[in-house]
Amino acid sequence: MHRAANFYCSKFTKRIGRKFLLNACAKPRCAVHGWNFKGWILKMLQRIVRSRRVFGLIAFLVAALAIGSLIVPAQQQAVAVPHTITPGNYPYDCDWPDVYLILQNKCAACHRPESDRIDLSSYAAMIDAEKFGHKLIVPGSPQDSMLWEYVNWNVHQTAVSTAPRSPEMPPEKSAWLSAGQLETIQRWITNGALEFTLPIHCKPPVTEMDFPSAQQCATCHPKQYDEWSRSMHAYAQQSPIFEAFTLTLIERTGGTIGTFCTRCHTPIGIAMGETGSTRNVHRSRISLEGVTCVTCHRRNTTHLKASGRVPVTPGAVLDACMFGPFDDSVSGPDTGTHPASGFPYMKSSQFCGECHDVTSPDGVRLEEAFSEWQNSPAAKQGQTCQSCHMGPVQGVSVADCNRPLGYAAVLPGVSQNTLPLRNLTDHTFAGPDYSLLPDTEFPEKLDWMYETDYRDWDNLTPYQKETLVALRKKNRRSLRIADAKRYEVLRNAAVIHVNSPATAKVGRKTDVRVDVESIMAGHSLPTGFTAERQVWVAITIRDPQGRVVFASGDLDNNADLRDDHSHQVLTGEIPYDHDLLNFQNKFVALSNKGTDRTVVLSVNRNILPVNVLRPNNGLSASFGRPGTFRIAKGSLPPLATRGQTYKFSPDCPGTYQVDVRLNFRHLPPTLLDHIGTPHLKHLLEIVVIDSWTGVIEVAP
């Protein structure tokens with residue numbers, strides 16, 4: 001009956017024949033009342049066909065459905081259907097085993113690992129899978145899940161259904177999912193797409209509410225917040241260079257590095273499920289805080305690992321304990337503040353080394369700041385990372401007892417005199433990097449700026465104009481302080497010693513010796529991601545007419561050094577700088593010719609056309625690196641000295657000017673070309689760490 005009525009609705013009864021209606025009715029006579037129900041239905045249909053009245057059609061349908069639901073016996077489920085899962089006390093979500101077997105039996109033959117299709121072989125593969133920017137499974141939302149779009153179809157063949165007439169998958173008609181299977185998959189996704197059943201007492205899913213923003217900490221810790229806000233920890237994820245670099249590596253490794261880079265730069269974002277390739281414009285605001293307060297102060301375990309992925313305890317600001325260097329904090333419910341406790345591990349270099357010692361998935365040691373410290377004179381003397389990078393003078397070690405005194409917190413409603421005096425640290429964490437963002441984007445940004453185009457000055461309200469001007473003044477002040485601390489840490493890194501003759505003869509080779517001495521005891525110069533940091537000697541000698549007769553460490557038209565990363569050198573436009581003294585480490589890849597070649601990015605593009613991270617076919621532990629890719633160390637060890645002798649022949653008598661500089665640059669321009677950010681090259685700054693000038697009197 002229902003099929004006849006539905007078909008009648010879809011075709012408007014004119015095209016329905018009497019024979020079809022007779023065959024469509026399930027029973028010719030009602031089993032309950034004993035009268036000719038089929039004949040009555042036929043007469044009613046014929047009358048409506050003749051009347052062609054829409055109202056009558058609707059009334060008939062409503063009445064027929066109501067009567068049918070009362071007099072037609074309910075369809076019973078078959079009892080001989082084999083079960084897919086043997087009943088048992090399993091920890092799985094009640095629908096997951098059925099979903100798994102449905103997909104394994106109908107789809108996994110084509111959707112398997114290492115194929116060009118989405119992998120459906122395991123729960124982890126399904127949850128992580130996405131295509132064309134859309135997730136295969138969006139927990140809680142079947143309509144947004146590609147899996148549901150592929151398998152759903154109008155299984156009941158009703159005209160009012162919005163489902164497609166046929167599914168996209170599986171391709172065989174006989175394998176299309178049944179009504180029960182579709183219901184199972186839809187219910188599984190709606191309930192969260194879980195593999196295991198969560199206990200009833202579990203809390204809701206972790207969200208941004210479980211990780212307090214640094215802005216919440218600023219109320220009671222204004223000094224620490226002000227210092228952190230202009231630090232590279234706050235800038236870690238916002239950096240346009242880092243974002244472009246990460247996206248480039250994800251593309252060049254076929255996505256196999258996942259969150260390898262971002263898990264150090266935005267631990268909270270990764271904890272909330274953001275991927276490595278999530279663009280900054282799509283990240284949450286707390287994710288853009290990078291290494292925010294809770295990243296360090298919600299740690300209560302000694303991780304003792306490298307390459308990041310640190311555990312951060314979730315919870316609202318007053319719910320979870322904050323850990324710090326002091327064990328006698330005035331905190332807790334009595335003061336209306338968060339619980340606090342001492343955590344000695346936070347004062348160790350290993351605490352920093354969890355993110356500042358990085359080994360790539362295929363065994364390349366990308367960053368070795370912590371490893372260098374472990375083997376340094378500073379470690380033998382008991383100096384930690386915090387001794388230099390959280391002290392009053394950046395780059396100079398200071399004992400805890402010699403730090404400036406002050407109050408670690410300002411508690412509303414609590415007398416300042418009741419709080420203990422502390423030896424305070426500096427949360428600027430000064431290093432060689434700096435912001436390349438506009439001063440309206442960093443260190444701080446106002447809430448209304450996320451909703452209004454602040455660049456359109458004429459359309460801003462007086463309030464917006466006033467607060468924007470104040471913000472720019474505040475940000476510029478913070479950036480000047482950050483620059484001063486950056487210059488300070490670089491000045492305390494190294495000095496140069498120049499041995500230049502006072503006199504020389506025309507036509508005779510003259511030697512100028514330049515030695516670079518590291519005055520850092522903690523690590524090499526440079527350190528960190530050293531393949532992108534350049535420390536080099538630039539020497540220029542000019543004759544009495546001011547013409548350059550010798551130069552090393554000068555730049556090409558792209559502002560790159562004249563080495564094997566210079567495009568002009570590679571094309572033969574300018575000569576290679578054989579005298580260059582550059583302490584930059586470089587990535588070295590084994591080329592398809594069997595020879596080494598330095599590359600700009602930490603990806604070997606010279607082995608196979610399809611470039612993904614593959615297991616090494618040798619024992620990386622035997623060499624400390626894979627056999628096809630490594631870092632060529634050129635950095636200056638702590639407290640070491642290395643130099644270069646420069647030779648030139650004066651061709652005329654007179655006074656020759658010698659200019660020597662020890663330069664630093666945190667990014668080479670060629671890197672920005674490789675990652676698609678050449679528009680930022682004009683913001684790169686060369687910092688002179690040390691310099692020397694002198695003259696040579698050349699006699700005939």
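Between Arg299 and Pro311 the shortest side-chain heavy-atom distance falls below 4.5 Å. Counting heavy atoms from C-beta outward, Gln416 and Leu411 have side chains that stay 4.5 Å or more apart. Using a 4.5 Å cut-off on side-chain heavy atoms (C-beta onward), Val364 and Thr359 make no contact. For the pair Arg283/Thr266, a side-chain contact is recorded, criterion being any heavy-atom separation below 4.5 Å from C-beta on. The side-chain heavy atoms of Phe442 and Ser435, taken from C-beta on, include a pair separated by under 4.5 Å. Taking the side chain as every heavy atom from C-beta outward, Arg252 and Leu601 approach each other to under 4.5 Å. Looking at heavy atoms from C-beta onward, Val535 lies out of side-chain contact with Asn663 at the 4.5 angstrom threshold.
Figure legend: Arg285 and Tyr450 shown as a cation-pi pair, the cationic atom lying under 6.0 angstrom from the six-membered ring centre and within 45 degrees of its axis. For the pair Arg298 and Phe211, the cation-pi test (distance below 6.0 Å, angle within 45°) is failed.
At most 12 heavy atoms of other shown residues, nucleotides or ligands fall within 6.0 angstrom of atom NZ in Lys473. Residue Lys445 places its NZ atom among more than 12 non-hydrogen atoms of other residues, nucleotides or ligands, all under 6.0 Å distant. Enclosure of atom NZ in Lys474 is not indicated, since only 12 or fewer non-hydrogen atoms of other residues, nucleotides or ligands lie within 6.0 angstrom. Within 6.0 Å of CD on Glu466 lie no more than 12 heavy atoms contributed by other residues, nucleotides or ligands.
The only option from Lys223, Lys485, Arg403 that meets the side-chain hydrogen bond (donor to acceptor under 3.5 Å, both in side chains) definition with Asp426 turns out to be Lys485.
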Full working for salt bridge (Lys or Arg N to Asp or Glu O under 4.0 Å) between Arg486 and Glu685: CA-CA 12 Å; Arg486 175 166 59 95; Glu685 178 186 7; 3.0 Å; yes

Show your working on side chain to side chain contact (heavy atoms under 4.5 Å, CB included) between Lys681 and Asp673 and close with a plain yes or no. CA-CA 9 Å; Lys681 288 191 291 188; Asp673 290 330; 2.9 Å; yes

Apply side-chain hydrogen bond (donor to acceptor under 3.5 Å, both in side chains) to residues Thr278 and Thr275 and explain how you reach the verdict. CA-CA 5 Å; Thr278 302; Thr275 68; 2.7 Å; yes

Is there a side-chain hydrogen bond (donor to acceptor under 3.5 Å, both in side chains) between Thr428 and Glu227 once you walk through the steps? CA-CA 5 Å; Thr428 305; Glu227 295 166 348; 5.1 Å; no

Passes side-chain hydrogen bond (donor to acceptor under 3.5 Å, both in side chains), Trp448 versus Thr467? Steps please. CA-CA 10 Å; Trp448 65 261; Thr467 53; 3.2 Å; yes

Show the numbers, then the answer: is there a salt bridge (Lys or Arg N to Asp or Glu O under 4.0 Å) between Glu372 and Lys633? CA-CA 12 Å; Glu372 291 171 355; Lys633 296 279 282 188; 2.9 Å; yes

Val600 vs Phe587, side chain to side chain contact (heavy atoms under 4.5 Å, CB included): CA-CA, chis, key distance, verdict: CA-CA 7 Å; Val600 177; Phe587 297 120; over 6 Å; no

Side chain to side chain contact (heavy atoms under 4.5 Å, CB included), that's the test. Do Leu525 and Met520 meet it? Break it down for me. CA-CA 8 Å; Leu525 175 70; Met520 293 189 304; 3.8 Å; yes

For Arg230 and Ile481, run side chain to side chain contact (heavy atoms under 4.5 Å, CB included): C-alpha distance rounded to whole Å, both residues' side-chain angles, the deciding distance at 0.1 Å, then the answer. CA-CA 9 Å; Arg230 57 176 171 260; Ile481 296 174; 3.5 Å; yes

Arg365 and Ser371: side-chain hydrogen bond (donor to acceptor under 3.5 Å, both in side chains), yes or no, with the steps? CA-CA 10 Å; Arg365 297 185 62 84; Ser371 297; 2.6 Å; yes

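Of the possible donor and acceptor atoms, none in the side chain of Gln383 sits under 3.5 Å from a partner among the backbone N and O of Cys388. No side-chain donor-acceptor contact under 3.5 Å links Ser387 to the backbone of Ser397. Between the side chain of Asp439 and the backbone N or O of Arg476 there is no donor-acceptor pair closer than 3.5 Å. Checked by atom type and distance alone, the side chain of His674 pairs as donor or acceptor with a backbone atom of Thr670 at under 3.5 Å. In this structure, the side chain of Glu243 engages the main chain of Asn280 through a donor-acceptor pair within 3.5 Å. Put simply, the side chain of Asp400 never gets that close to the backbone of Asn423: no donor and acceptor are under 3.5 Å apart. Without hydrogens or angle criteria, Asn402 side chain to Val398 main chain gives no donor-acceptor distance under 3.5 Å. The backbone N or O of Thr527 lies less than 3.5 Å from no partner atom in the side chain of Ser524, so there is not a single donor-acceptor pair. Although no hydrogens or angles enter the test, the distance criterion places no donor-acceptor pair under 3.5 Å between the side chain of Glu444 and the main chain of Asn475. Panel note: side chain Glu274, backbone Ser284; a donor-acceptor pair is recorded below 3.5 Å.
Residue Met126 holds its CE atom at 13.0 Å from NZ of Lys135, rounded to the nearest 0.5 Å. Between the CD atom of Gln238 and the OG atom of Ser287 there is a distance of 9.5 Å, given to the nearest 0.5 Å. Here CD of Glu367 is found 11.0 Å from CG of Asn585. Values are rounded to the nearest 0.5 Å. Interatomic distance, OG of Ser349 versus CZ of Phe370, reported as 6.5 Å (0.5 Å rounding). Annotation: the span from Cys261 atom SG to Ile250 atom CD1 amounts to 7.0 Å, rounded to 0.5 Å. Expressed to the nearest 0.5 Å, how far NZ of Lys586 lies from CD1 of Ile631 amounts to 13.0 Å.
Take His265 and apply the ring-ring contact (aromatic ring centres under 6.0 Å, His included) test, not counting sequence neighbours, and it matches Phe242.
Outside the 6.0 Å centre-distance limit, the rings of Tyr235 and His233 are not counted as a close aromatic pair. You'll find the ring centres of Phe245 and Phe529 inside the 6.0 Å limit.
Using a 3.5 Å distance cut-off with no hydrogens or angles, the side chains of Tyr454 and Glu441 do pair a donor with an acceptor. Side-chain contact annotation: Thr292 with Glu289, donor-acceptor N/O pair under 3.5 Å present. Side-chain polar atoms of Thr259 and Thr262 form no donor-acceptor pair below 3.5 angstrom.
A salt bridge links Asp433 to Arg533: at least one charged side-chain nitrogen sits closer than 4.0 Å to a carboxylate oxygen. One finds no salt bridge joining Arg665 and Glu532 here, because no Lys/Arg side-chain nitrogen approaches an Asp/Glu carboxylate oxygen to under 4.0 Å.
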